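Source: prediction; values computed, not measured. In each ligand, atom 1 is the first atom listed, and ligand 1 is the first ligand listed.
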Amino acid sequence: MTARLSPAALESLPADVARPAYDRSAAGAGVVHLGIGAFHRAHQAVVFDDLLAAGDPRWMVRAASLRSPDVRDQLAPQDGLYTLVERDGAGERLRVIGAVREVLVAPEDAAALVEALAAAHLVTLTVTEKGYHLDPASGALREDEPEIVAEAAGGIPTTAPGFLVAALALRRERGLAPFTALSCDNLPANGRRLEAAVLALAGRRDPALSDWIARHGAFPVSMVDRIVPATTAADIDALQARTRLRDEAMVKAEPFTQWVIEDRFAGERPDFAAAGVQLTVDVAPWEEAKLRLLNGAHSALAYLGALAGHETMDAVIAQPAFAAFAERLWDEAAATLRPPPGLDLAAYRRALAGRFANPALAHRTRQIAMDGSQKLPQRLLASIAARLGQGQSIDALALAVAGWMRWQAGRDEAGRTFVVDDPLAARTFGPAQSPDPAEAVDGLLALD
Ligand code: CS2
């Protein structure tokens, strides 16, 4: 049987595989991360690994999964080690990341996670759009959701806002200042939204707690960018063939990575700038450009491309018609932006086309198509609203939304059926089935 990746096995790795060059056992775990999916492992954890390697031993990560034990079960036998495989047409680079100390599974032991959070300097989050429990139309906390109702009544936390409130309450009781809560999800003004959710929930428990968090807490806005497709069994086997070790927790990503953070922290903070992170007073223009250009085109190409039978993003963008459509969409969306100083939109668009065409990632259109109801507002509808407000045309953007509408019926253009993976799928399926296109559009547009 092939040995697992582990601290003891590190020295048997091929010489060209980078590995942690710091003492993991001596490092402190100043970060707690909520939502240890592939994106965290390929993005923020790599920055913490860089900070540790640069000699600041405070920033190991105690990560948490709010739902399933899978990532813990993959990482625990490897003592938290996993391989980042960076791939593009030119080849691949392997690096073992050592920044993850352990994975806590919230449903197994909520109290342990609350204690871990209460001891953190910095809490980072990738809990996906739906993990904030916000109303997509108003951006307010969905206080009628059963999980939130239970948390407001002081029950055991189950949601990200619920865990943050429970941990902040403990810190206040203990006479400690709040930690910084840094959202790393693809939502506009993600930090403000997180702050609003936390304050609303805290206020339901104790208005004084909410005031204290509002006064002393910090919820910086951040923009994150790296294409990180889901790992497949074939990826794990290919890595094993190369390294002779089995790594069940590996992640694959493109070489590009970017993190822009609003410079607003409470208490101890890492020297993010030293690790290549951009700190700025206003993240919004970076975030808008990324959401409307990268993510907008991603969603548009994912729906239309998958309906046309293409399984991966590089296969979609390789079709001249889709590449031309992406340019038209970018023309429309780019006109709604106020690019931040230092962002050249023409170069950014060229780079995006190249990143989408990465032939080594196999980024599945189905993966990007997930949760469209939570993604479309910031990716496509925001550009549409801005253009309509200026009396401008929305042809390409409207086609993208039409692709999403068509997707809701769960059938591609060749008649193959699939399950629509979206929290609102039960509400979109009915209208999308209508044989009358005008009726289908009216039914879907009637959703907030
Ligand atoms: C993608 C994003 O799955 C999706 O919806 O659009 O995950 C995208 O790959 C990242 O935002 C890139 O930074």
Student: Report yes if some heavy atom in the side chain of I213 is under 4.5 Å from a heavy atom in the side chain of F219; otherwise report no.
Tutor: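 Heavy-atom side-chain distance check passes, below 4.5 Å.
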
Student: Can you list, pair by pair, the side-chain donor-acceptor contacts under 3.5 Å of residues 341-348, counting residues two or more places apart and other chains?
Tutor:
| unit_1 | atom_1 | unit_2 | atom_2 | d |
| --- | --- | --- | --- | --- |
| D344 | OD1 | A346 | N | 3.1 |
| D344 | OD1 | A347 | N | 3.2 |

Student: Quick check for students: name every N or O atom pair between ligand 1 and the protein closer than 3.5 Å, with distances.
Tutor:
| unit_1 | atom_1 | unit_2 | atom_2 | d |
| --- | --- | --- | --- | --- |
| ligand 1 | 5 (O) | K375 | NZ | 2.8 |
| ligand 1 | 5 (O) | R379 | NH1 | 3.0 |
| ligand 1 | 5 (O) | R379 | NH2 | 3.0 |
| ligand 1 | 6 (O) | N295 | ND2 | 3.1 |
| ligand 1 | 6 (O) | H298 | ND1 | 2.7 |
| ligand 1 | 6 (O) | R379 | NH1 | 3.2 |
| ligand 1 | 11 (O) | N186 | ND2 | 2.9 |
| ligand 1 | 11 (O) | K290 | NZ | 2.7 |
| ligand 1 | 11 (O) | N295 | ND2 | 3.0 |
| ligand 1 | 13 (O) | D225 | OD1 | 2.5 |
| ligand 1 | 13 (O) | R226 | N | 3.0 |
| ligand 1 | 13 (O) | R226 | O | 3.4 |
| ligand 1 | 13 (O) | K290 | NZ | 3.1 |

Student: With sequence neighbours excluded, what pairs up with A249 under the side chain to side chain contact (heavy atoms under 4.5 Å, CB included) test?
Tutor: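 In terms of side chain to side chain contact (heavy atoms under 4.5 Å, CB included), with neighbours along the sequence ignored, A249 is linked to R41, Q74, L75, Q78, Y82, D247.
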
Student: Using ring centroids (six-membered ring only for Trp), state whether H33 and F48 fall under 6.0 Å.
Tutor: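 No, the ring of F48 stays outside the 6.0 Å limit from the ring of H33, centre to centre.
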
Student: Going by side chain to side chain donor-acceptor pair (under 3.5 Å), name the pairs with one or both residues in residues 311-322, residues two or more places apart or in two chains.
Tutor: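 Residue pairs passing side chain to side chain donor-acceptor pair (under 3.5 Å), neighbours aside: T312-D314.
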
Student: Among V251, D235, N358, L361, whose side chain to side chain contact (heavy atoms under 4.5 Å, CB included) with P229 holds?
Tutor: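 That would be L361; it is the only one of V251, D235, N358, L361 passing the side chain to side chain contact (heavy atoms under 4.5 Å, CB included) with P229.
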
